[in-house]
Every structure is written in C-alpha cells, then in structure tokens.
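Residue numbers begin at 1 in each chain, while the letters A, B, ... track the order of the sequences.
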Amino acid sequence: MFQIPYHTLRPATTAHLAQTMTLLSLTVGQLKQQIDTELSTNPALELVEERRCPTCRRLLPERGVCPVCSCPSSTLIDEPVVFLSPREDFYTGSGSSAERPDEDDFSVEEDNLAAYVLRQIAPELDPQDRRLAAYLLTNLDEDGLLAIPVVEVAKYFHIAPAQVKNVQRIIQRADPLGVGSSSTREALLVQMDVLGDIQFVPPLARRVVEEGMDLLSHRQFAELARYMGVSVRQVQQVVKFIGENLNPFPARSHWGDIRHPVAPNLHVYQQPDIIINFMNDNPKNPLIVEIVLPLSGTLRVSPLFRSAIQQASDEKKEAWKGDMERASLFVKCIQQRNHTLRRLVQRVVSLQRDFIVHGEQYLKPVTRSLISRDLDVHESTISRAVANKTVQLPNRRIIPLANFFDRSLNVRSILRDIIAEESSPLSDSQLVDILAQRGINVARRTVAKYRSMEGILPAHLRQSVVQQT
DNA sequence: CTATGGCACGGATT
DNA sequence: AATCCGTGCCATAG
C-alpha cells in the first residue's frame, strides 16, 4: 500500500498546502475554470498539448479514451486500474454546470435539470424540435417525469402527437435515463431498453413492468405473482433487479431520496468526476477507473518565459519572477491534487469493489478516517477530496462519491430486500430480529428510520392496501 | 396493549 | 468545533 515515498511529494510551504487543499475539493468543472483563469492571467503558465497515457506512458493518438484499456499488459492486472483521463470535450459547453452548488439554492433543480438535458440532446434536434423539447423539459415535475399529457402538448403546438412522442423518446434517452417519461412505468421501460444493450435484463422484468405496474408499485408481490402466473420467488428476483438497476423517478439519485428532495441531488446532474467501468464493458474483466481531467495535455512553466526573463528590464524582472513562482506552484498543486485523488480512488475502489459490481447491499462501512490512515494523510484531506465529487458506476448510474462512505446504505438496502421478500408484513421489531440473524444489530427505532428513508410504508399499511386511488 | 413517529441526547465522524 | 447518526424515552394512534 505504501509503494510511493509520499514525503517527497509533501507540500513544502503553507501556500502550497492551502492551494492544494482547495484544488482537491473542486469538481472537474470547477477545476477547469480555475485552470482557465490561471492560464489566461499568468503568462508564465503554459499548456502543452500532449496526450500521454498516464499508465503506459505512451502518447495517445487522438481524442477519445485512453487505449490502455486494450493494453495487453493491463489485462493481467487484478487490482483495479486507476488512471487520469483527459476529457476536455466534456466541459467545453457553457461553464454553467460548473457553478458552485451552494450558492444558488432556489430555482436550481428544475432549471438545471432541464438545461442539462437540453444541452445533451440539442445537437441531434432541428430547431423546431428543439423548441418542443425545451417546452417539454420545462414541464417536468420534481421527479423528472412529464407533468402534462403528450396530447396536450400536441394540441398546444398544433402538431401530431406522434411527433411529440418522437422528441420525448430522445429526451428519455438522455442522461437521467427515463427523464421526461409520462409515467414511472414508461421510465422503467426506457431504462430497461437502454440497459439491455450493456447488461442482461430478465425478460420477466419487462413483462412485469408492462402489465403489472399497479401491483408492483403497491408492492403487492403475492398478487402480482398470481396475476403474472409465475412464482413469488421469480417476482422477488425481478423486484430485486429493478431495485438495483432502475429508477422510476429519474430525477432522484435513487428512490430512497424522498427525504431530501433537493439538496443531495444538486450534483447528480453534473458530469461525473470519476468513471468506473469494466474493461470493454465485460463484467469478467477488471475494473477501469478514470479520474476525469478537464484538459488534455500537461501544464508547465513555459521554458520560453523562463529564458526571456534574463533579458527583461529590472522592474519587469520582479513581476515576471512572481508570475513564474505562481505558475510553478500552481503546477505542483495540480500534480499534488491528482496524486492524492488517484491514491484515494485506488484504495476506495479496491475496498468497495463488491459494492461497485454487485450493488448497494455489498457496501462496506468504510470511514474517511480509515482511508486517511491508510494513505497517511490528514482526515480533512480525504473529506475535501470526497466532497462534491460524483462517480459513474458501470451500470451508468451517477452517485456522489460520499456514498462510498455511507455507513448505513448497505443495511438500508438489505432491509429493502427483506421487506420485498417476506410476504406477510413485518413489524419493525420483527425486522430487528431478522437483521440480527444476518449479523446486523440495530435498534428498533433505527429500523423505523431506515424504512422512512427508503420510502417504505409502515407494516399495517403495506400489504392490506388493495387497489385504492 | 402494540406499533410508530417526534424530540432530544451522546458519541462518533468530519 | 460542527455535524451526523443511532438510540432511548415518551406521546399518540389504532
């Protein structure tokens, strides 16, 4: 774990330390802004347009992802491969997505979601469809579902409903997958469609959503099984699959989030800071972890500038010298940032591999302080690095990096499973006993809290509810 | 009387 | 030092 002599890289001055800290806590988008301003204000700083693979040190041919993914040597590595990935093209749009999240708390979520989606799909639309799309997107509810009927929209625009549906279909395939659907059912169907390209989707899941959505959303699994003519066990598997891979409310990061509808979701719409994938999308291959960098190339102190300084007049010399020092400090800080981030991610990913591959139940209770001890850095360093960052998992879901440190997420998700699988409604104290059998000791009160966090109804309301409006 | 939600306290985490 | 989280106690609903 300690291969790298870290001390050699330790910041020497307090200024270095402070700047590294701030850089560490930045999102990719924010980092890009930072670098951009630094580049334009400081003549001593220079961007060398070189694209070199950070792991195999080979020059990269063109834009795109690093070909190390197909490096024959890397297929032998068992540890997850972590590397820094230049993805300039991600962030060339308006810098708006990079705004610091805490500043504007009002009117953000819908605006941002709509704008975010529109930016993705705008290129493939002609101008009038673009207007249509914008109109649709302004009519999303807080769950990311379309709040008005398609027919209404068609009337409003005096066009055929089919055309509206066409645009809707494009919207649905944009990033919060299923966004702009007319119902949770539709959202799930779209998600399964797209997911089907990269992962196995149980055929029964599709049938259940298509035909038995009512029963499914009321969690009446016994009923559902009978209606579909399959065993309860099969239904349970489908439910598990849906819970792990799909999300009926596209705007929520996952369906437990009804508690805090806005705040934790702010950063969900951003591009991820870290992307985790299987090599070639094949689950048998090792994990590839990309730490997204906002530019392609290396920053350095311009050698031209360095030599020019000799011939400068005395008063200029002073100013330029300052520039140069700032530049080299900045470069060091960036390197420092990337280095810590890389080590952090490396450690976390190998600890939480099960979580990444198999889902929330397998999340291990890892704390930031544990990592900090492992990496021999201060706790606050880890905190800063984790804060405000997002990760894209192999199943294409984007979650906050902080989720990797959530102590209770796994228990919550096991709880979800238990409730989904047992047919007769279990009271909280019974749930406590069952959890205890699985080696999880929590208080009765805590189970109640988790339940409400997951949006699960109390026992007496759970199954006895027959179809009501 | 049982099941659950609210409030608040203490310890851990950041 | 500030915040989050699990938990205990108590009130309330069924």
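In this structure, the side chain to side chain contact (heavy atoms under 4.5 Å, CB included) partners of A:Ala385, at least two apart in sequence or on a different chain, are A:Leu24, A:Leu341, A:Leu344. Scored by the side chain to side chain contact (heavy atoms under 4.5 Å, CB included) test, A:Arg384 finds A:Met21, A:Ser25 as partners (sequence neighbours excluded). Remark: A:Asp406 engages A:Ser408 in a side chain to side chain donor-acceptor pair (under 3.5 Å) (not counting sequence neighbours). Residues satisfying the ring pair (Phe, Tyr, Trp, His ring centres under 6.0 Å) criterion with A:Phe355, sequence neighbours excluded, are A:Phe404. Looking at residues two or more places apart in sequence or on another chain, you find a side chain to side chain contact (heavy atoms under 4.5 Å, CB included) between A:Ile334 and A:Leu23, A:Leu31, A:Ile35, A:Leu299, A:Phe330, A:Asn338. A:Glu379 pairs by the side chain to side chain contact (heavy atoms under 4.5 Å, CB included) definition with A:Ser369, A:Ser372, not counting sequence neighbours.
In summary, the side chains of A:Glu422 and A:Gln430 do not present any donor paired with an acceptor at a separation below 3.5 Å, with no hydrogens or angles considered.
Note on A:Ser408: only backbone sugar-phosphate atoms sit closer than 4.0 angstrom, heavy atoms only; bases stay farther off.
A sub-4.0 Å separation between OP1 or OP2 of C:dG6 and a side-chain N or O of A:Tyr450 is present.
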Below 3.5 Å is the cut-off: list the nitrogen or oxygen pairs between protein and nucleotides 11-14 of chain B, distance only.
{"unit_1": "B:dT14", "atom_1": "OP1", "unit_2": "A:Arg368", "atom_2": "NH1", "d": "2.8"}
{"unit_1": "B:dT14", "atom_1": "O3'", "unit_2": "A:Ser383", "atom_2": "OG", "d": "3.0"}

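Among residue pairs with one or both ends in residues 416-444 of chain A, none qualify as ring-ring contact (aromatic ring centres under 6.0 Å, His included); sequence neighbours excluded.
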In the 5'-to-3' direction, what one-character label does each nucleotide of nucleotides 8-14 of chain C receive under the scheme B = base within less than 4.0 Å of a protein heavy atom, S = sugar-phosphate only, - = no such atom? BB-----
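The distance between atom CG of A:Leu409 and atom P of C:dC4, rounded to the nearest whole Å, is 17 Å. Straight-line distance from the CG atom of A:Asn403 to the P atom of C:dC4: 15 Å, rounded to whole Å. Rounded to whole Å, the distance from CZ on A:Arg451 to C1' on C:dG6 is 16 Å. Distance CG (A:Asp428) to C1' (B:dG5): 10 Å, rounded to an integer number of Å.
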